[in-house]
Every structure is written in structure tokens, then in C-alpha cells.
Amino acid sequence: MRVIEAEDYQELSNIAADFFINKVKENPEITLGLATGGTPKGTYRKMVEDHDKHGTSYRSVTTFNLDEYVGLDSDHPNSYYQFMETHLFNEIDLPFRQKHLPNGVAKDIYKECIEYERTIEQCGGIDVQLLGLGSNGHIGFNEPGTAFETMTHVVELTQSTRQANARFFNQLDEVPQRAITMGISTIMQSKEIVLLVSGESKQHALQQLLTRQSDEGFPASVLTKHPHVTIIADRKALSGIPVNG
Ligand code: GLP
């Protein structure tokens with residue numbers, strides 16, 4: 001795993017955005033895996049700025065998001081669908097039919113998981129997957145204890161993840177109990193992975209990732225087995241952790 005140290009969140013966002021913009025320029029038909037959460041917001045903002053200023057086009061790009069809450073339809077202000085619309089999709093020229101998120105209100109959410117996997121496969125797999133890091137080591141919504149072999153599936157969210165995400169809702173009660181998430185195996189099948197880690201609250205999780213053996217008790221540790229991972233972390237997240245450069 002390559003670790004890039006950024007001075008602060010702003011620099012982390014610039015580095016990550018440049019990384020994705022260059023990937024799109026190199027391969028305008030790229031398939032990107034995208035993430036929600038607070039961490040990638042700055043990256044998306046920079047990508048939008050670049051699209052406005054320099055016209056980088058997403059006309060031929062395909063995207064797959066990691067996850068979606070069960071029970072929130074695409075119009076719900078807290079759905080990940082709306083998050084993506086607000087922070088990226090509404091602001092770039094990505095065609096509607098080329099963006100994909102799991103459907104959290106599908107009649108049969110289990111079948112939806114199978115179909116989501118099939119669609120990823122039909123598109124030739126994910127070229128570059130963007131990830132954030134949960135403070136308990138979750139990636140997507142794969143909570144500690146998730147088998148590394150899992151494909152897209154329905155998860156019960158842990159109390160700590162619901163609490164962490166309650167900041168986007170009016171109150172904790174409104175945070176859904178379940179979500180559909182790409183599985184760990186789905187994520188590992190991406191050709192390349194970029195993990196963003198920002199702030200002191202993630203320092204412990206990042207330290208675990210960089211120092212412990214890969215095990216299912218800490219989902220992100222699976223990334224140590226992937227051949228092409230770049231971690232972009234800011235100084236606060238990296239405090240006290242030696243970096244390989
Ligand atoms: C959420 C999302 C993850 C995200 C993580 C970290 O639960 N499902 O995909 O990476 O939490 O979020 P944040 O970037 O807000 O810290």
C-alpha cells in the first residue's frame with residue numbers, strides 16, 4: 001500500500017481530485033467506484049470545479065456507488081443517491097444511465113444485491129474504487145466480522161455506525177437500521193483502490209490498518225492483500241504513524 005501524506009483536508013482533497021481527474025483523462029470510458037460520507041466531499045467539490053473550469057468530461061464514464069440505506073428512496077434527502085446528486089452528479093455531465101447506486105427501496109432487496117453485482121460485471125468491473133474509512137475499520141458498510149468473501153449484500157448497521165452517521169439526520173432514530181453495500185470481495189475485485197483518511201478521529205483506525213495483520217475483525221485490513229492501493233491521509237490522521245513516503 002502506498003501512503004501519500006497530505007498537509008490537511010484541503011490538500012488531501014486536491015490530491016484525490018487530481019488523481020481521479022487524471023484517470024478520467026487517461027481513460028474517458030473508465031468505470032469508477034464512488035463513496036459517500038464526509039471525507040470525499042472535498043474531492044467531489046474539486047472535481048466539479050475542474051469540470052467547470054477545464055471541461056473535464058464524464059460523458060463516457062460509468063460509476064457505481066458503494067452503498068445505500070435500505071428504506072430510503074432516491075428522493076429522500078438523506079439517501080446516498082441524493083448525496084451523490086448534490087455533491088457531484090448534478091454538477092457534471094455524467095449521463096443518468098451511467099450512474100449506479102443500489103436501490104434501497106427495491107421490492108426484493110436480496111435480488112437487488114445480485115443484480116447490482118451483475119451490472120458491475122456487465123460493465124467490465126470497477127477500474128478505480130474510492131473508499132472512506134469507518135472508525136471501526138468498516139469499508140462501504142462492511143462492519144467488523146464481515147467475511148472477506150462477501151459480495152453485495154444487505155447489512156444490519158452497528159450502533160456505532162448509526163451514531164456516526166446520525167449527524168446527517170435530524171436524530172439517531174431516523175438513521176436506517178440496514179443498508180445494501182458492495183461486499184468486501186466486490187471491493188477487492190476493483191483493479192485499483194484509493195482510500196481517503198482525514199482527521200484525528202480516524203487516526204486509530206488508520207494505525208490499525210497500517211500495523212495489524214489482515215483479519216475480518218477489522219474489514220479495511222483486507223486492503224493489505226490488494227496489489228494496487230493508494231492511501232491518501234492528512235497529517236492529523238497520520239499523527240504518530242511512520243509513513244513510507
Ligand atoms: C459511512 C459510509 C462509508 C464511509 C464511512 C466514513 O458509514 N457508508 O462508505 O466511508 O462511513 O464516513 P466519513 O467519511 O463521513 O467519516
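Model, not experiment: these values are computed from the prediction.
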Please lay out, stage by stage, how Gln177 and Leu157 fare under the test side-chain contact (heavy atoms from CB on, under 4.5 Å).
-> CA-CA 6 Å; Gln177 305 277 355; Leu157 300 177; over 6 Å; no

Going by atom types only, do Thr186 and Glu117 share a side-chain donor-acceptor pair under 3.5 Å?
-> yes

Donor-acceptor side-chain pairing of Tyr81 and Asn65 below 3.5 angstrom = no

Do Thr158 and Thr161 pass the side-chain hydrogen bond (donor to acceptor under 3.5 Å, both in side chains) test, and can you show the C-alpha distance, the side-chain angles, and the key distance before you say yes or no?
-> CA-CA 5 Å; Thr158 63; Thr161 295; 3.1 Å; yes

Any idea which heavy atoms bring Glu68 and Tyr80 closest together, and the distance?
-> OE1-N, 2.9 Å

Is a donor on one side and an acceptor on the other found under 3.5 Å between the side chain of Arg162 and the backbone of Val175?
-> yes

What distance do Ser190 atom OG and Ile120 atom CD1 have between them, rounded to the nearest 0.5 Å?
-> 8.0 Å

His54 (side chain) donor-acceptor with Thr56 (main chain) under 3.5 angstrom | no

Closest non-hydrogen atom pair between Asn90 and Thr86, with its separation | ND2-N, 4.2 Å

Separation between OG1 of Thr43 and CD1 of Ile232, rounded to the nearest 0.5 Å = 7.5 Å

Report the C-alpha distance between Glu49 and Lys46 in whole Å, list the side-chain angles of each, state the deciding distance to 0.1 Å, and finish with yes or no for salt bridge (Lys or Arg N to Asp or Glu O under 4.0 Å).
-> CA-CA 5 Å; Glu49 264 175 46; Lys46 281 279 155 195; 3.2 Å; yes

Report the C-alpha distance between Glu85 and Lys99 in whole Å, list the side-chain angles of each, state the deciding distance to 0.1 Å, and finish with yes or no for salt bridge (Lys or Arg N to Asp or Glu O under 4.0 Å).
-> CA-CA 10 Å; Glu85 290 291 289; Lys99 50 189 175 184; 2.9 Å; yes

NZ/Lys236: more than 12 non-hydrogen atoms of other groups inside 6.0 Å = no

Applying the 4.5 Å side-chain criterion to the ILVMFWY set and letting contacts propagate, would Leu130 and Ile30 be lumped into a single cluster?
-> yes

In one Ile/Leu/Val/Met/Phe/Trp/Tyr side-chain cluster, 4.5 Å: Ile187, Ile180 = no

Have a look at Val105 and tell me which of Asp75, Val70, Asp73 forms a side-chain contact (heavy atoms from CB on, under 4.5 Å) with it.
-> Asp73

State yes or no: are the ring centers of Phe83 and Phe89 separated by less than 6.0 Å?
-> no

Could you pull out the closest heavy-atom pair between Ile193 and His226, with the gap in Å?
-> CD1-CD2, 3.6 Å

Of the non-hydrogen atoms in Cys123 and Phe64, which two are nearest, and what is the gap between them?
-> SG-CZ, 3.8 Å

